[in-house]
Amino acid sequence: MVDNAASSVVLNGLGDPAPSRALWLVKWLLLIPHALVLVILTPVFVVLTIAAGIAILVTGRYPRGLFDLNVGFLRWTWRFTYYGYGALATDRYPPFSLGANADYPATLDVHYPDHLSRGLVLIKWWLLALPHLFVVGILAGGSISWSVDAGLPDGARLVISGGVIGLLVLIAGVVLLVSGRYPAGLYDVIMGFQRWVYRVIVYVALMTDDYPPFRFDPGGREVPSD
């Protein structure tokens, strides 16, 4: 359990107690419907973030409707990531929903800020975030990829990309395939890295003025202290 009072983002994951050995080899196919939706929603998220930035400049507030929509997009993305090749941590298919879906193993919540700095809007998403963006580029960058023989037809290869996280997930998948068990230590590390990534996303998306901590918080459960 992680004490995360310094962060306005709470990201949790409840690992699958008995994951399938080989389901992860075909999850790329199962995830296609979600990927198509997220491809459509991603530019919407960007446009809403720009609109929210203008509103913050004028009023000092992030419009609640836009905030809820963007949090919903991040929740959907996290469930997609957790089921898919950002964690491979559950076999339960993610719902097609922007809602909280508290009964799903992967959850994400962002505290709604009553007020945001007008001036920070202009610099926090690029200048102030630069050190974290460098770290996120190493953890989740898509410039490095690994391929494995997934038994697909016509010599096709299953490709997993995503920096350090992608490599760790690939290792976890191979261990799961061989032993039938998801290595707990790797799960904790992957969750810690994903937590770092999502804190930075929320900050860059102007949803908080709380600077992301340079802190690695491993493990599935994250509970902010009162």
Side-chain angles (χ1 to χ4, degrees), residues 1-2 10-39 41-42 74-97 101-108 135-201 216-222:
M1 185 175 295
V2 178
V10 178
L11 183 146
N12 288 323
L14 179 62
D16 197 320
S20 168
R21 286 178 182 245
L23 182 62
W24 68 274
L25 296 174
V26 297
K27 279 185 175 181
W28 63 272
L29 179 61
L30 301 176
L31 284 168
I32 288 176
H34 280 280
L36 293 175
V37 175
L38 291 176
V39 164
L41 291 180
T42 297
L74 293 178
R75 285 172 174 154
W76 195 326
T77 303
W78 171 231
R79 292 191 295 260
F80 174 88
T81 299
Y82 193 77
Y83 174 82
Y85 299 104
L88 295 177
T90 183
D91 289 344
R92 183 175 170 188
Y93 197 69
F96 289 85
S97 170
N101 294 103
D103 61 333
Y104 191 74
T107 60
L108 180 148
V135 174
V136 168
I138 295 173
L139 295 179
S143 60
I144 304 174
S145 63
W146 303 268
S147 63
V148 295
D149 186 356
L152 301 175
D154 301 324
R157 310 281 291 182
L158 172 65
V159 177
I160 299 177
S161 63
V164 173
I165 293 175
L167 179 59
L168 294 178
V169 171
L170 175 58
I171 294 171
V174 172
V175 173
L176 178 60
L177 185 65
V178 173
S179 69
R181 297 181 61 85
Y182 194 116
L186 272 182
Y187 174 79
D188 288 344
V189 172
I190 289 168
M191 284 296 299
F193 286 159
Q194 290 288 9
R195 196 165 281 127
W196 194 321
V197 169
Y198 273 84
R199 288 172 183 167
V200 175
I201 292 173
F216 174 71
D217 291 331
R221 299 294 299 173
E222 176 182 25

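Note that the coordinates shown come from a computational prediction; the quantities given were computed from them, not determined experimentally. Keep in mind that the numbers below use all heavy atoms, side chains included, and drop hydrogens, waters and symmetry copies.
Scanning all heavy atoms of the two residues, the minimum distance from Gln194 to Thr81 falls at NE2-CG2, 3.4 Å. In terms of heavy-atom proximity, Leu168 sits nearest to Phe193 at CD1-CE1, 3.7 Å. Nearest heavy atoms, Leu176 versus Pro19: CD1-CG, 3.6 Å. Contact between Pro105 and Tyr82 at its shortest, heavy atoms only, is CB-CE2, 4.0 Å. The minimum heavy-atom distance between Arg75 and Leu108, with the atom names listed, is NE-O, 2.8 Å.
With contacts defined as side-chain heavy-atom distances shorter than 4.5 Å, the pair Ile165/Val197 qualifies.
The side-chain hydrogen bond (donor to acceptor under 3.5 Å, both in side chains) search around Thr42 returns none, not counting sequence neighbours. Shown here are the ring-ring contact (aromatic ring centres under 6.0 Å, His included) partners of Phe80, two or more places apart in sequence or in another chain: there are none. Applying the ring-ring contact (aromatic ring centres under 6.0 Å, His included) criterion to Tyr104, with sequence neighbours excluded, gives no partner residue. Tyr182 pairs by the side-chain hydrogen bond (donor to acceptor under 3.5 Å, both in side chains) definition with nothing, not counting sequence neighbours.
Pairs passing the salt bridge (charged side-chain N to carboxylate O under 4.0 Å, His left out) check and including a residue from residues 76-93, sequence neighbours excluded, read Lys27-Asp91, Arg92-Asp103.
Atom CG in Leu88 sits 11.0 Å away from atom CG in Leu177 (nearest 0.5 Å). Note that CG of Leu11 is 4.5 Å distant from CH2 of Trp78, once rounded to the nearest 0.5 Å. Taking CE of Met191 as the start and CZ of Phe216 as the end, the distance is 10.5 Å to the nearest 0.5 Å. Taken to the nearest 0.5 Å, the CG atom of Leu14 stands 8.0 Å off from the OG1 atom of Thr90. The structure places OG1 of Thr107 at 10.0 Å from CG of Asn101, a figure rounded to the nearest 0.5 Å. Between the OH atom in Tyr93 and the CG atom in Leu23 there is a gap of 11.0 Å [rounded to 0.5 Å].
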For residues 29-39, run the donor-acceptor check on the side chains, cut-off 3.5 Å, and write out each pair with its distance to 0.1 Å, sequence neighbours left out.
| from | atom 1 | to | atom 2 | distance (Å) |
| --- | --- | --- | --- | --- |
| His34 | ND1 | Trp76 | NE1 | 2.8 |
| His34 | NE2 | Pro94 | O | 3.0 |

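At distances below 3.5 Å, at least one donor-acceptor pair connects side-chain atoms of Arg21 with backbone N or O atoms of Val178. For the pair Tyr85 (side chain) and Trp24 (backbone), a donor-acceptor distance under 3.5 Å is present.
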